[in-house]
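Here it is, the structure in full.
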2 protein chains.
Amino acid sequence: MVLARLILGLLCLSPMTGYELKKHFDSSINHFWNADKAQIYRTLAQLVDKGYATVRTVAQSNYPDRQEHHITETGRAALAQWLSAGAVQSPERDPFMGQVFFAAELERDDIQSLLEERRQATQFILDDYLSQREGIDMRAAADRRSFLMAATLDHAIRQQAAELEWLDAVLEYLP
Amino acid sequence: MVLARLILGLLCLSPMTGYELKKHFDSSINHFWNADKAQIYRTLAQLVDKGYATVRTVAQSNYPDRQEHHITETGRAALAQWLSAGAVQSPERDPFMGQVFFAAELERDDIQSLLEERRQATQFILDDYLSQREGIDMRAAADRRSFLMAATLDHAIRQQAAELEWLDAVLEYLP
DNA sequence: GCAAAGTGGGTGCAAAATCAACTATTTATG
DNA sequence: CATAAATAGTTGATTTTGCACCCACTTTGC
């Protein structure tokens, strides 16, 4: 459901192949969603099925044919309806917090290692987001679309930063 | 997989029925995980199947029999192994950020409503976490297990607080 | 010259998760 | 007194997701 909407959103920006969609997920969307390509191709087929998108096969000289997917008016309406239906809520879900919750089964040193390992990974992700952020032209962010897209990246940055602060606090006060 | 570990963790604290597990998920674990009861009962059956837990039927005078699940040594080992295998990483996944990312399809006022609605919901969740936090006896938190459990709640509180700050910033600067 | 990576698409399968019922009894609540 | 909520567990169907493959061709790097 969510994936279908996100794909519609991307197709709304420009017609795309499944391959290109996957690249968008990996590069610009990855801070709040990602999907396996198998899932993307299947969802794409469903969208065509429901009439939310149409396919146009475009031959290329060297590379394989492009199955270019175009959003339809119905598709645009479905996207708009999702956005208008109100803010979606989704349950928190973080396996790592589960590890922390039950980490008392480990020795103190192992708990510390667990937290430090996470700290490293979080720092790595944060750095990645920060470098993505640098690539954004802020002159263009006066335009609302660019502003909102950049905002979701800022959200991810704040979340990771908050996680780092939390990890440091836990590491400091761990009994 | 994660759910199985979390259930093992809970059974590690004390033997429980599926019904009680569900209540724990709804009350104390909900800030980082939750699960449908159907899923809990099925996972419980799998744990018994694998020898990670055993069932003991306890008759009650008034209420239905309790299917009390006890963790086994193998189960304890499996839990410890999960914790020792290192910090798990999980992809970010937030449908609401998808709405924001594509919100430019809406009018400015509708975008604002979307953000304000989310702000309300976030405040509500934060308040819930804060009241849960009040119920925690900090004298007991010198003990490592209680400290870690409280820490995961603190994490959730920080995350929600960061979300509120972000929402306010976006609402302020939205072009 | 050969291997790896990129372009573009797809299938099959299994595990995980969600939704919606349905069974029964007991204890509160209006 | 009726109705709802709590206790305890189960089944079926469907969706979502993830993993591991497979095809075929082209371009790039060593």
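Letters go in sequence order (proteins before strands), and every chain restarts at 1.
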Do A:R93 and D:dT17 share a donor-acceptor pair, side chain to base, under 3.5 Å?
no
Measure from CD on B:E20 to P on D:dA6 and round the result to the nearest Å.
15 Å
Please check the phosphate of C:dG9 (OP1 and OP2 only) for any side-chain N or O of A:T17 closer than 4.0 Å.
yes
Is the phosphate of C:dG8, meaning OP1 or OP2, less than 4.0 Å from a side-chain N or O of A:Y63?
no
Rounded to the nearest Å, what distance is computed from the CD1 atom of residue B:I40 to the C1' atom of nucleotide D:dA8?
13 Å
In plain terms, say whether A:E116 and A:R119 are close enough for a salt bridge, that is, a side-chain N and a carboxylate O under 4.0 Å apart.
no
Is A:Q39 close enough to D:dT17 that one of its side-chain N or O atoms is under 4.0 Å from OP1 or OP2 there?
yes
How would you label the contact of B:R66 with the nucleic acid (heavy atoms, under 4.0 Å): base, sugar-phosphate, or nothing?
sugar-phosphate
Give A:Q60 one of three labels, base, sugar-phosphate or nothing, depending on what nucleic acid heavy atoms sit under 4.0 Å from its own.
sugar-phosphate
Length of the line joining A:Y19:OH and C:dT7:C1', which is rounded to integer Å
5 Å
Side-chain H-bond candidate by donor/acceptor type, A:Q67 with A:H69, under 3.5 Å:
no
Charged N to carboxylate O under 4.0 angstrom, A:D94 versus A:R118?
yes
Quick check: on DNA chain D, is the nucleotide nearest B:D65 upstream (toward 5') of the one nearest A:S61, or the reverse? Name the residue that is more 5'.
B:D65
For the base of D:dG12, is there a side-chain donor-acceptor partner from B:R42 under 3.5 Å away?
yes
Distance, rounded to the nearest Å, where A:H69 contributes NE2 and C:dG10 contributes C1':
12 Å
Nearest to the side chain of A:P64 - D:dA20, D:dT17, D:dA24?
D:dA24
May I ask you to check whether B:F101 and A:F32 place their ring centres under 6.0 Å from each other?
yes
Please report, rounded to the nearest Å, how far the P atom of D:dG18 is from the OH atom of A:Y41.
17 Å
Taking atom C1' of C:dA15 as reference, at what distance in whole Å does atom CG of B:D49 sit?
15 Å
Reckon B:K23 has a side-chain N or O less than 4.0 Å from the OP1 or OP2 of D:dA8?
no
Value in whole Å for how far the P atom of C:dA17 lies from NZ of B:K37:
18 Å
Measure from CG on B:D36 to C1' on C:dA20 and round the result to the nearest Å.
10 Å
Looking at A:N62, I'd like to know whether one of its side-chain N or O atoms comes within less than 4.0 Å of OP1 or OP2 on D:dT27.
yes
Is the shortest side-chain N to carboxylate O distance from A:R158 to A:D154 below 4.0 Å?
no
